[in-house]
Peer 1: 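The structure under discussion is supplied below as structure tokens; questions concerning it will follow.
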Amino acid sequence: MLSGDIPPNQTIYIKNLNEKIKKDELKRSLYCLFSQYGRILDIIALKTPKLRGQAWVCFSEVTAASNAVRQMQNFPFYEKPMRIQYAKTKSDCIAKEEGSFVPREKKKKQEEKAEKKKYADESKQSAVPNGGTHGASNGGSTQASFRPGSGAQEAAAPNNILFIENLPYETTGRMLEMLFEQYPGFKEVRLIEAKPGIAFVDFEDDGQSSMAMQALQGFKITPQNPMIINFAKK
DNA sequence: AGCACA
């Protein structure tokens, strides 16, 4: 009943989203937030009257979706608690992956006025930041590919302030907040206007900052941008 | 509240 009697599905359905957020930013932020649970194959969000305030996030595994449903239930996202359920039907991207995809016909209640023209082939833009619906993931663990210690600079001394590098240009303070505020002791994110790509994140103490650092080290906001997190220099 | 795949 917590999930509304809908059977598990690889795709989660999210409602009560803040409708003021632009579609693109919304997708990117959802990607940020949910890729910690597994590989995301697609994110669907539409701003039509019927569908605004809702989104579908398709995972490659049902277990990822299950964890997301439970753990992110009521998560405050852009000031509004997310309401998350399993999707009622199988997503096209999932059906395509398993080869069972049949282009939808005008079966049920598809009173489409949009049948005038065939949208024959669309170069389908992917929902996920920068490109491919495949291979862009943090793989269930947020400690992805970045290997500290391979090479250059030695670790700074523990500090309650974290120094984040290698962020994609479009990273917003809110995106980082949503990632870091999940960890106890979070205080604030500080982006450096003059220097895109880096940020400082303040925690109450260096124990708490360490936990967040370990959890999010290598986290990819886009596939090309594993976060590099170090303690800030004093 | 509202379950799609421009």
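Order of the sequence lines sets the chain letters (A, B, ...), proteins ahead of strands, with each chain counted from 1.
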Peer 1: Round to the nearest Å and state the distance from A:Gln85 atom CD to B:dA4 atom P.
Peer 2: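 Between P of B:dA4 and CD of A:Gln85: 13 Å.
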Peer 1: Listed by chain and number, what are the salt bridge (charged side-chain N to carboxylate O under 4.0 Å, His left out) partners of A:Asp92, not counting sequence neighbours?
Peer 2: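 Per chain and number, A:Asp92 pairs via salt bridge (charged side-chain N to carboxylate O under 4.0 Å, His left out) with A:Arg104.
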Peer 1: Under 4.0 Å, heavy atom to any atom of DNA chain B: which of residues 54-63 of chain A qualify?
Peer 2: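 Nucleic-acid contacts, sorted: A:Gln54, A:Trp56.
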Peer 1: Please list all pairs meeting salt bridge (Lys or Arg N to Asp or Glu O under 4.0 Å) that have one or both residues in residues 78-91 of chain A, counting only residues at least two apart or in different chains.
Peer 2: A:Glu79-A:Arg174, A:Lys90-A:Glu98
Peer 1: Tell me which nucleotide among B:dG2, B:dA4, B:dC5 gets nearest to the side chain of A:Arg52.
Peer 2: B:dG2
Peer 1: The criterion is salt bridge (charged side-chain N to carboxylate O under 4.0 Å, His left out); which residues satisfy it with A:Lys187, sequence neighbours excluded?
Peer 2: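 So A:Lys187 forms no salt bridge (charged side-chain N to carboxylate O under 4.0 Å, His left out) with any residue.
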Peer 1: Can you tell me which nucleotide in B:dG2, B:dC3, B:dC5 comes closest to the side chain of A:Leu46?
Peer 2: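 Selected nucleotide (nearest to the side chain): B:dC5.
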Peer 1: Between the base of B:dA4 and the side chain of A:Ser91, is there a donor and acceptor pair under 3.5 angstrom?
Peer 2: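 For A:Ser91, whose side chain was compared with the base of B:dA4, there is a donor-acceptor pair (under 3.5 Å).
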Peer 1: Measuring from the side chain of A:Arg104 (C-beta onward, heavy atoms only), which nucleotide among B:dG2, B:dA4, B:dC5 has the closest atom?
Peer 2: B:dC5
Peer 1: Considering only side-chain heavy atoms of A:Lys15, which listed nucleotide, B:dG2, B:dC3, B:dA6, is closest?
Peer 2: B:dG2
Peer 1: When you look at CD of A:Glu61, are more than 12 heavy atoms from neighbouring residues, nucleotides or ligands closer to it than 6.0 Å?
Peer 2: no
Peer 1: From B:dC5, B:dC3, B:dA6, pick the nucleotide closest to the side chain of A:Ile6?
Peer 2: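 Minimum distance to the A:Ile6 side chain belongs to B:dC3.
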Peer 1: Under the rule for salt bridge (charged side-chain N to carboxylate O under 4.0 Å, His left out), what residues qualify as partners of A:Glu193, not counting sequence neighbours?
Peer 2: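 For A:Glu193, no residue satisfies salt bridge (charged side-chain N to carboxylate O under 4.0 Å, His left out) once neighbours in sequence are set aside.
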Peer 1: Can you list the residues that meet the side chain to side chain donor-acceptor pair (under 3.5 Å) rule with A:Ser209, with sequence neighbours excluded?
Peer 2: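 A:Ser209 satisfies side chain to side chain donor-acceptor pair (under 3.5 Å) with no other residue.
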